[in-house]
Amino acid sequence: MTGSEYLNDRVRINTSDLFKRMLELLEDIKHEHDRNFNKLYDSAPDSFKPVVKQANYLDDNQVAWLRKRILDMGNESIRKTASEMDMVRVEFYHKFKQ
């Protein structure tokens, strides 16, 4: 494995880890939103429930859209970095163990 290949691989893996953690954060936010939204919905008078339900801004469609955006941004970042790495020659003074 050349230095460039190694560095490109590490950047790809670390970027993937970053956007996977962003997806985990989105799941945490959704869970917390649902928990608090359900408390509000359950405590609302029956006549207000349609309006409260309509106010749910973080529904499943919105979360799916945000999830897609995170994945698209992560993949685009990996592609851009990989194309920029093609213009760089990387050498290490110490050889890697294979």
| task | Measure the spacing between CG of Asn8 and OG1 of Thr81 and express it to the nearest 0.5 Å. | result | 8.0 Å
| query | Does the side chain of Glu27 come within less than 4.5 Å of His31's, by heavy atoms? | reply | no
| In Å and rounded to the nearest 0.5 Å, what is the CE to CZ distance from Met22 to Arg69? | 10.0 Å
| task | Scan residues 57-80 for pairs that pass ring-ring contact (aromatic ring centres under 6.0 Å, His included), counting only residues two or more places apart or in two chains. | result | His33-Tyr57
| query | If you look at every heavy atom in Phe37 and Val52, which pair is closest and at what distance? | reply | CZ-O, 3.1 Å
| request: Give a yes or no on this: more than 12 heavy atoms of other residues, nucleotides or ligands lie within 6.0 Å of atom CD of Gln54. | output: no
| query | Is Glu24 salt-bridged to Arg21, cutoff N-O under 4.0 Å? | reply | no
| said: So which atom in Phe19 and which in Leu71 form the shortest heavy-atom distance, rounded to 0.1 Å? | reply: CE1-CD2, 3.5 Å
| field | Asp9 (side chain) donor-acceptor with Glu5 (main chain) under 3.5 angstrom | value | no
| said: Whether the side chain of Thr15 engages the backbone of Arg12 through a donor-acceptor N/O pair (distance < 3.5 Å, no angle test) should be reported. | reply: no
| message | For Asp46, is there an ion pair with Lys49 - N to carboxylate O distance below 4.0 angstrom? | response | yes
| query | Between atom NZ of Lys20 and atom CD1 of Ile13, what is the distance when rounded to the nearest 0.5 Å? | reply | 9.0 Å
| query | Any donor and acceptor pair, going by atom type alone, linking the side chain of Ser83 with main-chain N or O of Lys80 inside 3.5 Å? | reply | yes
| query | Sub-3.5 Å donor-acceptor pair from the side chain of Ser77 to the main-chain atoms of Met73, do we have one? | reply | no
| field | Inter-residue atom distance Glu32.CD - Asn36.CG, 0.5 Å rounding | value | 5.0 Å
| query | For Asn14, does the CG atom sit with more than 12 other heavy atoms under 6.0 Å from it, leaving out its own atoms? | reply | yes
| query | Hey, what do you get for CG (Leu23) to CG (Asp28), rounding to the nearest 0.5 Å? | reply | 11.0 Å
| said: Using a 3.5 Å distance criterion without hydrogens, assess whether the side chain of Lys30 forms a donor-acceptor pair with backbone atoms of Val63. | reply: no
| field | For Leu7 against Met85, the heavy-atom pair lying closest together | value | CD2-CE, 3.3 Å
| message | Under the criterion side-chain contact (heavy atoms from CB on, under 4.5 Å), I'd like the reasoning laid out for Val11 against Ile78: C-alpha separation, chi angles, the key distance, then a yes or no. | response | CA-CA 8 Å; Val11 168; Ile78 289 170; over 6 Å; no
| message | Tell me whether Leu18 shares a hydrophobic cluster with Ile29, the cluster being built from Ile, Leu, Val, Met, Phe, Trp, Tyr side chains joined at under 4.5 Å. | response | yes
